[in-house]
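Here is the structure we will look at, set down as structure tokens.
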Amino acid sequence: MNSRVSIIKCASYEQELVCAKVKEAVDALGGIAGFIQPRSRVLVKPNLLIPIEPESGVTTHPQVLRGVIRVLKSIDCQIFVGDGPCALKDIPEKVEEVYERCGVTLVCREEGVELVKFENKRWREKFPLTTWLDNCDYVVNLPKFKTHNLTLLTCSIKNLFGLVWGTHKIELHKKYFDANDFAKMLVDIYAEVKPALTIVDGIVAMEGDGPATSGKLRQQGLIVAGADAVALDSVLAVIMGLAPTDILTTKEAFKRGLGQADMKSIIIEGEKLQDAITKPFILPSASSFKAKLKDMLPKFVLDVLMKLIKFYPYADRIKCIRCGACIKGCPNGVISMKPKGLAFDYTKCSSCFCCQEFCPVAAIKVGKGWFAKLVGL
Ligand code: SF4
Ligand code: SF4
């Protein structure tokens, strides 16, 4: 079955320009009423990873949020905005700081919509999700277009991880430490939530060691929208210079029939896909080797190599401000603070790179194991 994705160019975060382009992206798919009944209760879920300013490029930009709020207001929806930002153990208390610094508090106040906290949970089979899913008729998913050291891409499917209640995100990282298993768990969440519409902030995207301060910003100038998150992530993979199924969540969701990853069956509205592609993205250190080798080696050889090739985090002692965020965010208790700096117990490390995600000053770097060095990666 065909899926539709709209691609709209948007050169900056200038308020009225973004609002017009968000509307254009939705209108290119037939308009908001094709996805959401007028006067519904809608949960809008941006990506608010850590307490950091919008200019960092780490979080969904508040002007994109404003554009989506205005589109939903046009059909008289009751709008609730919320996220469960990252997995730090003390983040529930810090959520107001996250909302404030990411710029969403101001936008919600100006637009007169309610900003909510994910304080209560309801258990599904495998994980507890916020009860705001029960309180609302629809979810509108608002991810940021970024690379990710564990999942390669974080966007339409991965953004829904923030709906997992509070610190249980750490437990899921611990339980699903293998990238394939983690991807399957993310797809379970997608199957459970099934957002009515996803609108991607791809105006400033991120490449390299994303998804936080260690990544590199790149001006991509795009807003991308659609109801099928699998198709959206497929389109973004192509823009990155990859095949859709290079992204483990896309591969798994497509296999389960949850969405479209066959580019021949994805109808692009707005801009032509070719016009949205510039140069390939710099991939995260921990996954770029796979992209480099995948066309050179048979799959079974690559699978064996992947088990041998290890990447691990270490701290840049000059950059590190000793804030302890990485220690709190590590699901496996690998990191401790010593008089001379951070110490890592690599026997317990699962290479999830949560520590890199939570570091506010890009002090966590990616090191290579002996085999990766041996084969020149
Ligand atoms: S040290 Fe970093 S990469 Fe290793 S388990 Fe902890 S958070 Fe994950
Ligand atoms: S590495 Fe980053 S997160 Fe960890 S203590 Fe240093 S500054 Fe904080």
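If you read the sequence from its start, that first residue is 1, and numbering goes on from there. Order of appearance sets the numbers: ligands from 1, and atoms from 1 within every ligand.
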Worksheet entry | Nearest non-hydrogen partners of M206 and G57, listed with the distance |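 Residues M206 and G57, closest heavy atoms: CE-O, 3.7 Å.
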Worksheet item: Between G103 and P62, which heavy-atom pair has the shortest distance, and what is it?
Response: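 Reported closest heavy-atom pair: O-CB, 3.4 Å.
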Practice prompt. Can you label the angle between the Y346 ring and the F344 ring as parallel, tilted or perpendicular, going by 30° and 60°?
Written response: parallel
Practice prompt. Kindly assign one of parallel, tilted or perpendicular to the pair F161 and F182, based on the angle between their ring planes and the thresholds 30° and 60°.
Written response: perpendicular
Item to complete: Return the option from L150, V334, V366 holding the heavy atom at the smallest distance from atom 1 (S) of ligand 1.
Response: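 Nearest option to atom 1 (S) of ligand 1, by heavy atoms: V334.
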Residues 189-196, side-chain donor-acceptor partners within the protein, below 3.5 Å, at least two apart:
unit_1 : atom_1 : unit_2 : atom_2 : d
Y190   : OH     : A229   : N      : 3.3
E192   : OE2    : R124   : NE     : 2.9
K194   : NZ     : L258   : O      : 3.3

Practice prompt. Tell me which part of C330 gets within contact of ligand 1: side chain, backbone, both or neither, using heavy atoms under 4.0 Å.
Written response: both
Worksheet item: Between Q37 and D137, does any side-chain donor sit less than 3.5 Å from a side-chain acceptor?
Response: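 No.
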Practice prompt. Using 2.8 Å as the cut-off, note every protein N, O or S atom close to atom 4 (Fe) of ligand 2.
Written response: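 Short answer, with waters excluded from the count: C326 SG.
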Atoms in ligand 1 flagged as close to [X], the criterion being non-hydrogen separation under 4.0 Å:
X    : result
F353 : 3 (S), 8 (Fe)
S351 : 3 (S)
N332 : 5 (S)
P331 : 7 (S)

Worksheet item: For atom 4 (Fe) of ligand 1, what is the nearest protein heavy atom, given as residue, atom name and distance?
Response: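 Result: C349 SG, 2.4 Å.
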Discussion item. Just to confirm my output: which protein heavy-atom neighbour is closest to atom 8 (Fe) of ligand 1, and how far is it?
Written reply: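 Heavy-atom neighbour on the protein nearest atom 8 (Fe) of ligand 1: C352 SG, 2.4 Å.
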Fill in: By side-chain contact (heavy atoms from CB on, under 4.5 Å) - contacts of K338 (at least two apart)
S336, A343
Discussion item. Checking D134 against R41 for the salt bridge (charged side-chain N to carboxylate O under 4.0 Å, His left out) test, could you report, in this order, the C-alpha distance in whole Å, the side-chain angles of both residues, the deciding distance, and whether it holds?
Written reply: CA-CA 10 Å; D134 302 319; R41 290 166 64 89; over 6 Å; no
Could you give the side-chain donor-acceptor pairs of residues 151-159 under 3.5 Å, partners two or more places apart or in another chain?
unit_1 : atom_1 : unit_2 : atom_2 : d
T151   : OG1    : H148   : ND1    : 3.4
T151   : OG1    : L153   : O      : 3.1
S156   : OG     : D233   : OD1    : 2.8
N159   : OD1    : K45    : NZ     : 2.8
N159   : ND2    : K45    : O      : 3.1
N159   : ND2    : N141   : OD1    : 2.7

Worksheet item: Numbering the atoms of ligand 2 from 1, which are under 4.0 Å from a heavy atom of V361?
Response: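 It comes down to these atoms of ligand 2: 7 (S).
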Worksheet item: How about Y176 and F127: are their ring centres within less than 6.0 Å of each other?
Response: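 Aromatic pair excluded; centres sit 6.0 Å or further apart.
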